[in-house]
Amino acid sequence: MNYDFKAIEPKWQKAWEEAGLFKAEDFSDKPKFYGLVEFPYPSGAGMHVGHIKAYSSIEVISRKRRMQGYNVLFPIGFDAFGLPTENYAVKTNTHPRIITDRNIEKFSMQLRKVGFSFDWDRTVDTTDEDYYHWTQWIFLKLFEHGLVFRNKALVNYCPHCKVVLSNEDSQGGKCDICHSDVIQLSKDVWYLRITDYAEKLLQGLETVDYPENIKQQEINWIGKSTGAFVNFRVAGKDDNIEIYTTRPDTLFGVTFMVMAPEHPLIDRYADEITNMDAIRAYREECAKKTEFERTQLVKDKTGLKIEGITAVNPVNGEEVPIFVADYVMMGYGTGAIMAVPAHDQRDWDFAHAFDIPIIQVIEGGDIEKEAYTGDGQMINSDFLNGYDNKKDSIARMIEVLEERGIGHKGIQYKMKDWAFNRQRYWGEPIPLIHCPNCGVVAVPYEELPLRLPEVEDFEPGTDGKSPLARIDSFVNCTCPKCKGPAKRETDTMPQWAGSSWYFLRYCDAHNDQAFADPKKLAYWMPVDWYNGGMEHVTRHLLYSRFWHQFLYDIGEVPCPEPYAKRSAQGMILGADGEKMSKSRGNVVDPLDIVETYGADTLRTYVMFMGDYGSAAPWNDASVRGVKRFLDRVAGLTDLITEEPVQSLESGIHKAIKKVSSDIEDQKFNTAIACLMTLINDIYKKGKIGRDQLISFLKLLSPFAPHITEEIYHEIGGTDYLTVSAWPEYDEEKTVDAMIEIGVQVNGKVRGTVLIPKDAEKEEALSLGRANEKVAAAMAGKTIVKEIYVPGKILNYVVK
RNA sequence: GCUGGAGUGGCGAAAUGGCAGACGCGACAGACUCAAAAUCUGUUUUCCGCAAGGGAGUGUGGGUUCAAGUCCCAUCUCCAGCACCA
């Protein structure tokens, strides 16, 4: 067959769509399969080859599931709010709505050209008011349940993007959008209480099928630790400094305390602190450092002793000095620590720099040289003396703290509440109203969606306010409660809002009464298999699990976890092995590949590149190799016989078995390799039975659906191969009657021998001995032991 | 520092403890061609050897085993994520 992919591909794409082959059917009796990929941000640059790889895994699995008789939901949509579009809007003075529509159209066209089997009837666009209506609705539910709060605190602020960023969006002290250094600003902003869900987010991981590294990354990000809160009295005052420690067993070794520069106690005693000027200067110095600098200068501990006040160790009444130092963070624990230089390296470093005494309370190590963090006999510790491990001494210490009312057991999480706002235009308006009489009031549900007002000028405000703040008709409103004059919140929601629930909307994309019909949610949820990038593990994945768990708690969704299974693709690097980027000039445009080699080649190539989860560089020559393979597939039509070719039977059945299981295991590369091996064999035989060819085409169909459909019709098929039954294999036929196994002498392979597959030990051993090379290797030696592992190996141990 | 993962040909990579290097790329040789491209056939871990054949070989060093890329201990390097988290 002549392989004219330029004609074939659009032809079948149109035919499949018109036949509605990819439409998911609500409430079908067939078993359901919900396959999900992370919907794209429709940037102006169009699709990246990374999108192709990310979508191809679920694409292949969805196509296989349809052939296996499943009712498949494989949807796509667009996560279209966000800064790149807005920045481009500012630059070109074009409304972001226009840019977004244009980009969505481009992406849709590109996705169709690759032949992805999406159900286009369920497409969502997060910037559509029929969609963000429900994003705002969920936000109001969160507000209603006390999970939205406003707080003036130090926030991560990107001076370049002019927005407040969440902790998740400023990892490593860099802005997630523009990679500038993030600074700390004190600002009054909205937060979502994700920390209330820390424990559920942690426990939920035990119920889902995620790869270990993803689970670990989320566990680390949540950062649970158990320890104790302990109150240190301010000497001579009726006032306490609360600290958090994971090592309450070392309380007798406390020789000083350290506070974060921002700690409020410092201001409270400003009058009594004799070196307050120096402390103010130190604070200013710290405030100037970026997060990056603060974490880079790990070695050189800076700090200052607070003169004029001291603290009292509650277990032994010892008075200890208080220091201020920026290695203690206000955002974790209580912002103050007890310092035990003998058994904590940071405290040890600090004690040496400031000439503070060190008291050892656990035997072991050499505290002259470094802090000792291991286990050992407790010493110098009053009632703990004699305990010999952390576990017991911590438990005992917590008992005593609680008995004496000076402390209690506590749990801390590193995860912080989600700073939920952007001072920008292109996002969902936050549906809250500030009323001088009633305080913060929710926009009534019936007034949703709260539409983004039309503006002329999207430029962010220089005063740290959103452009919405400049629109009086939007800002000024009446309070829903007291009907008095009030002002709307002008911040918008962050990029991650819309994507935190989109998988629910796909279940019922056009509902105007609810975010989705509960019956449809009950039918489709949870997502059976979700593929996406590692970069979203501590952002989108965590956020959307949080929203979903909340919706479950208020009875809006049928399952506690949204995704039953998660996988992640490896990055496609440029041909030079570097990350693809415009500046390096190593970017591959997937549409160029579709033009030159066809969509089937592109799809098959990205799945054949290597291990799906690992990064792999692009290689044009290998793309041509895959095209060559498809050319050979097209050529199979010349080899057809009506009768099946007996000598191919076992190879075909083996391939059915291997391709079926490899797809499930995401070993797409070896599935394709197996089909290549089979086609090499077919060409060697020079012929293939018609039905055998159809089985081959079915196995290849999820990867290269167009060419296989074309050949199927070329050889007389009248229905669609794309939704035909997945082939079955006969276990009997996958096993050869005679098999070749290796023969070893003293573990070294000396030859091979052909033996019946279920040969008895004696028969196999004598056949092995008959092998010339084996016999030569054993000549003149005594056989000590003979090993026969059926189907695997023969080994003679000789002396 | 902590967590997760990876080190195998010239390259991308395969190998439920059982013949290391499947499959693809590239390279080399041959066929076809006036020639080239495309296509087809063959060779291709490495060293010694004309060959038959033999030796070595999965980051490094040990160990378990009849048998180790795979399991155990130690060690080095790289990738990803987190990180003064008390």
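Quick note on labels: first sequence line is chain A, next is B, and so on, each numbered from 1.
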Are the charged groups of A:Arg247 and A:Asp249 less than 4.0 angstrom apart, N to O? yes
Rounded to the Å, how far apart are A:Met259 CE and B:A86 P? 19 Å
Between A:Asn220 (CG) and B:G1 (P), how many Å, whole number? 17 Å
Pair assignment for B:A27, Watson-Crick or G-U wobble, requiring both distances under 3.5 Å: B:U43
Please give the nucleotide sitting opposite B:C34 as a Watson-Crick or G-U wobble pair, both distances under 3.5 Å, or none. none
Decide whether A:Tyr612 and A:Ser57 meet the rule of one side-chain donor and one side-chain acceptor closer than 3.5 Å. yes
Report yes or no: does A:Asp169 contribute a side-chain atom to a donor-acceptor pair with the main-chain N or O of A:Asp176 at less than 3.5 Å? no
With the criterion being N/O to N/O and under 3.5 Å, what pairs connect the protein with nucleotides 6-8 of chain B, and how long is each?
none

Measure from CD on A:Glu786 to C1' on B:A67 and round the result to the nearest Å. 15 Å
Below 4.0 Å: OP1/OP2 of B:A86 and any side-chain N or O of A:Tyr332: yes
Would you mind reading off the distance between A:Lys414 atom NZ and B:A86 atom C1', rounded to a whole angstrom? 11 Å
Nearest whole angstrom, please: distance from the C1' of B:C82 to the CZ of A:Arg539. 12 Å
Base partner of B:U3, which must satisfy Watson-Crick or wobble distances under 3.5 Å: B:A80
Of all the nucleotides listed (B:C66, B:A15, B:A86), which has the minimum atom distance to the side chain of A:Lys667? B:A15
Atom-pair distance (CE on A:Met415; P on B:A83), nearest Å: 14 Å
Under 3.5 Å: donor-acceptor pair, side chain of A:Tyr282, backbone of A:Asp326: yes
Looking at B:U39, I'd like to know if its phosphate oxygens (OP1 or OP2) sit under 4.0 Å from a side-chain N or O belonging to A:Arg632. no
Let me see the working for A:Gln345 and A:Asp349 under side chain to side chain donor-acceptor pair (under 3.5 Å), right down to the final yes or no. CA-CA 6 Å; A:Gln345 192 58 44; A:Asp349 292 341; 3.1 Å; yes
Where protein sits on nucleotides 18-26 of chain B, one letter per nucleotide: B base, S sugar-phosphate only, - none, heavy atoms under 4.0 Å: BBS-BBSSS
Taking for each residue the nucleotide of RNA chain B with the nearest heavy atom, is it A:Glu212 or A:Asp611 whose nucleotide lies nearer the 5' end? A:Glu212
Nearest-Å distance for atom pair CD/P, residues A:Gln216 and B:A83: 16 Å
Separation of B:C66 atom P from A:Leu765 atom CG, nearest Å, is 17 Å
Please check: side-chain N/O of A:Thr255 versus main-chain N/O of A:Pro357, any donor-acceptor pairing under 3.5 Å? yes
